[in-house]
Amino acid sequence: MVGLLFGTAGIPHSARSKTTIDGIERIAELGLGCMEIEFVQGVKMSEAGAIQVSETATKGGVKLTAHAPYFINLNAHEPEKIRASQGRILQTARIASLCGAESIVFHTAFYLGDPPEKAYNTVKKYLGEVLDQLKRENNRVWVRPEIMGKPSQFGTLEEILNLSTELERVAPCIDFAHWHARTGGVNSYPEFVSILLQIKERLGRAALDNMHIHVSGIAYGKKGEIKHLNLKESDFQYIEFLKALKDYDVKGLVICESPNLEEDALLLQETYNDLVKAG
Ligand SMILES: [Zn+2]
C-alpha cells in the first residue's frame, strides 16, 4: 500500500451516471484514490462487467474495495439463513476479486439475544467455513468484518480484532463513526490513537500499513447509530482523527460514508494533506 488513500462509499454523486465504471472515472477526475463498490442490496455485477471494472480502475489508478450485501447474519438461528449469508460473502469475494479489489467489507451478525461469547463462537465457525472455501478457490481478498454502530449488532472493536487475530486472511474494517455512535465517546485525538495502538498491539504494525477505515459524521442516541451526517454538520472531530492517522503513519483506504460522499472525501483528503505539509 503506497500511502493513505481517500474515496467514497459507492459512486460519487457527480459521476456522469450511476454505473460503477463512471463512478471510478469520476474518482480519478476528482483526484481521489479509491472507491468502495456497494453491493449492499445484492451482488448484481456480472463476471464480464467485473473485468471491465478492473480495467477502468487500473487505468485510472483507483484502488477498489467492495461492501457485501446487508442481508448477512452469521449468527442467524436458522441453518438456511447461515448458508445464504455465507453465500453472499462468497459471491461478493468472487466478484470483488475479478474487479481487482483487495478486500471486502461486511456486517457480520446480530446477537439476537445470545450472549456475546456464544455469538462470537458461532460467527467464527461460519466465517471460518467461508475462508476455507475462498482458500480452495485461491481467492486472496482480505475479508473485513466491520465495527458496527448499534449495541444489537455484533461488531465491537474487541470482537473484530479477535476475529482478525484468530482467522487467517481476516482484517478489521474500523468504522470510526460507528464506534463513536456505539460508545458515545471515542472522538478525540488520544482516543483515536488508543484504537490505533490496540490494532498495532493485537495485529502488528502490518495492520496499520493495510487499514480499511470508514468515516462520516453520525447522529446517535441510546441505541447507537441513527444516521450518517456530513462531517461539518456533525460532532465528529475529523481533524483530530486525521492527525492521529498522520502521526501513526497509517496506510490503506479511508472510505467516506457521509451523505455528500465526495465532498467530505475531498475535505478529508485536503485536510490530511495540509497536516502532512505542516509536518
Ligand atoms: Zn458497512
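The residues of the chain are indexed from 1 along the displayed sequence.
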Determine whether [X] and [Y] fall in the same hydrophobic cluster, where Ile, Leu, Val, Met, Phe, Trp and Tyr are linked whenever their side-chain heavy atoms lie under 4.5 Å apart.
X: Phe106; Y: Leu64; result: no
X: Ile213; Y: Ile37; result: yes
X: Leu161; Y: Phe192; result: yes
X: Val254; Y: Val276; result: yes
X: Leu157; Y: Leu163; result: no

Run the salt-bridge test on [X] and [Y] with the 4.0 Å N-O cut-off and return the result as yes or no.
X: Lys135; Y: Asp132; value: no
X: Lys18; Y: Asp22; value: no
X: Glu262; Y: Arg26; value: no
X: Lys124; Y: Glu159; value: no

Just by modelled atom types, is the [Y] backbone N or O under 3.5 Å from a matching donor or acceptor in the [X] side chain?
X: Arg182; Y: Met148; result: yes
X: Asn139; Y: Val141; result: yes
X: Thr65; Y: Ser103; result: yes
X: Gln133; Y: Val130; result: no
X: Ser258; Y: Asn260; result: no
X: Asn75; Y: Phe110; result: yes
X: Ser54; Y: Ala50; result: no
X: Asp175; Y: His178; result: yes
X: Glu36; Y: Ala9; result: no
X: Asn187; Y: Asp235; result: yes

Would the [X] and [Y] ring centres measure less than 6.0 Å apart?
X: His107; Y: Tyr70; result: yes
X: Tyr220; Y: His180; result: yes
X: Tyr272; Y: Phe6; result: yes
X: Tyr248; Y: Tyr189; result: no

Exceeds 12 heavy-atom contacts within 6.0 angstrom, atom CD of Glu129 = yes
Partners of Tyr126 by side chain to side chain donor-acceptor pair (under 3.5 Å), sequence neighbours excluded?
-> none
Derivation and outcome, side-chain contact (heavy atoms from CB on, under 4.5 Å), residues Leu134 and Ser97 | CA-CA 11 Å; Leu134 289 176; Ser97 171; over 6 Å; no
Test ring pair (Phe, Tyr, Trp, His ring centres under 6.0 Å) applied to Phe236 and Phe241, step by step | CA-CA 9 Å; Phe236 190 73; Phe241 157 74; 5.6 Å; yes
Do you know which two heavy atoms are closest between Thr20 and Met45, and how far apart they sit?
-> OG1-CE, 3.6 Å
